[in-house]
> 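Let me begin by handing over the structure; questions about it come next.
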Amino acid sequence: CGHITMTRIYHVGFRCERCNRHGPFGWLYRCTEHRELILDDMNRRGFEVAFDKIGADFAEQMSLGKWGPDKRHDKYSVLREMTQEQMQSYTPDQIATLLAQRENVPPFRSFSGYSGRNLFDTMPDEDPTETPWVPVMQYECQYKACHHCYRRAAEKSWLSLDGIVNGDIPPTAAGAYSFHYMQQRPICDASVVSNLGYRAVPLV
Ligand SMILES: [Zn+2]
Ligand SMILES: [Zn+2]
């Protein structure tokens, strides 16, 4: 789909959009580019975005990242993103130009087809200019593919553990979006998992 983030989604009913088969291990990769924004928005509005207590606890810490669209919506965020040295390398005129450029960036809804109204039927209308980065559900990219057909999906689904430790917890990770269709997390016996790949190969 051309987006840059995906996650595994566990559901036996979904089919790969390339080969039309079910995921061989019970999961497919699914695009999360828009879903991250939608989940963050739902959470911000007080809607439930997790199916269990662990998810609910992490939901309080979800974030679109240090340089997420919500942060960059504020034109002065450009100043916060700079180190002291970077700031000193600009002249006041250049800083003013940078700020003016940020001011002129149109909300991306206006050129990607998002109307910004009625994100969910049950949600009250909100001024669309307040959160122009949130797509409406009907335009959400839900591209799904199996790992045979779309090998690059593995790279797109990595999470940075360093980032998470430092507070950049993507909404899909915080609420365990991968498992929300199952409404439970797969729990494996730790003693079995710790042995995977270590058992001797049977000779017969
Ligand atoms: Zn496939
Ligand atoms: Zn996509």
Side-chain angles (χ1 to χ4, degrees), residues 1-45 47-51 55 58-59 61-73 105-121 123 126 128-161 163-164 168-183 185-186 196:
C1 62
H3 290 130
I4 56 169
T5 57
M6 299 189 95
T7 192
R8 288 182 186 183
I9 189 100
Y10 287 75
H11 189 303
V12 288
F14 290 142
R15 288 176 184 273
C16 169
E17 292 182 29
R18 293 194 177 182
C19 67
N20 204 33
R21 294 195 181 106
H22 295 294
F25 303 119
W27 53 264
L28 291 171
Y29 287 109
R30 185 221 199 258
C31 177
T32 54
E33 189 96 350
H34 295 156
R35 179 52 55 161
E36 301 285 13
L37 306 171
I38 290 171
L39 285 176
D40 180 71
D41 189 56
M42 286 174 72
N43 188 48
R44 192 177 55 81
R45 294 171 184 234
F47 285 80
E48 200 69 59
V49 292
F51 56 82
F58 276 106
Q61 302 172 48
M62 69 170 59
S63 132
L64 295 177
K66 254 188 276 184
W67 295 290
D70 51 341
K71 308 273 190 320
R72 290 198 158 163
H73 187 53
V105 175
F108 74 71
R109 258 180 198 152
S110 62
F111 54 81
S112 50
Y114 302 137
S115 75
R117 307 301 288 178
N118 298 321
L119 178 60
F120 302 98
D121 288 339
M123 287 187 174
E126 190 177 39
T129 58
E130 280 183 24
T131 54
W133 58 89
V134 182
V136 282
M137 276 255 190
Q138 70 187 100
Y139 295 112
E140 182 194 3
C141 177
Q142 302 186 21
Y143 182 72
K144 298 178 200 72
C146 73
H147 69 290
H148 285 307
C149 293
Y150 193 38
R151 297 196 180 268
R152 279 198 58 215
E155 296 164 24
K156 294 182 175 188
S157 64
W158 286 116
L159 289 174
S160 162
L161 292 184
I164 286 175
D168 276 354
I169 307 180
T172 53
Y177 180 69
S178 295
F179 312 119
H180 84 283
Y181 286 104
M182 292 171 29
Q183 291 287 299
R185 294 165 195 259
L196 292 179

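Values in this document were obtained by computation on a predicted structure and should not be read as measured data. Positions are given from 1 along the sequence. Just so you know, ligand 1 is whichever comes first in the structure, and atom 1 is the first atom listed for that ligand.
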> Can you name the N/O/S atom of H3 that is nearest the Zn ion (ligand 2)?
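This turns out to be ND1.
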> Looking at R45 and D41, does any basic side-chain N land under 4.0 Å from a carboxylate oxygen?
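Counted as a salt bridge, because a side-chain N and a carboxylate O are separated by less than 4.0 Å.
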> Any idea how F179 and Y10 line up, ring-wise: parallel (<30°), tilted (30 to 60°), or perpendicular (>60°)?
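Because their plane-to-plane angle lies in the 30° to 60° range, the rings of F179 and Y10 count as tilted.
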> Compute whether any side-chain donor of one residue and acceptor of the other, for R151 and Y29, lie under 3.5 angstrom apart.
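No donor-acceptor contact under 3.5 Å links the two side chains.
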> Does the shortest distance from the Zn ion (ligand 2) to an N/O/S atom of C1 fall below 2.8 Å?
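It does; at least one qualifying atom falls short of 2.8 Å.
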> I'd like to know if the Zn ion (ligand 1) has an N/O/S atom from C149 within less than 2.8 Å of it, counting both backbone and side-chain atoms.
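Checking C149: at least one N, O or S atom is under 2.8 Å.
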> Give, rounded to 10 degrees, the angle between SG (C31) and SG (C141) as seen from the Zn ion (ligand 2).
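Vertex the Zn ion (ligand 2), arms to SG of C31 and SG of C141: 110°.
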> Does H148 put an N, O or S atom under 2.8 Å from the Zn ion (ligand 1)?
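Short answer: no, not a single N, O or S atom is under the cut-off.
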> Quick one: the SG of C16, the Zn ion (ligand 1), SG of C19 angle, rounded to 10°, please.
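About 110° at the Zn ion (ligand 1).
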> Specify the closest pair of heavy atoms between K144 and R15, including all atoms of both residues, with the distance to one decimal.
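Nearest pair, atom of K144 first, then R15: CB-O, 4.3 Å.
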> To check you understand the geometry: which heavy-atom pair defines the closest contact between I164 and I169, and what is its length?
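Closest pair (atom of I164, atom of I169, distance): O-CG1, 3.9 Å.
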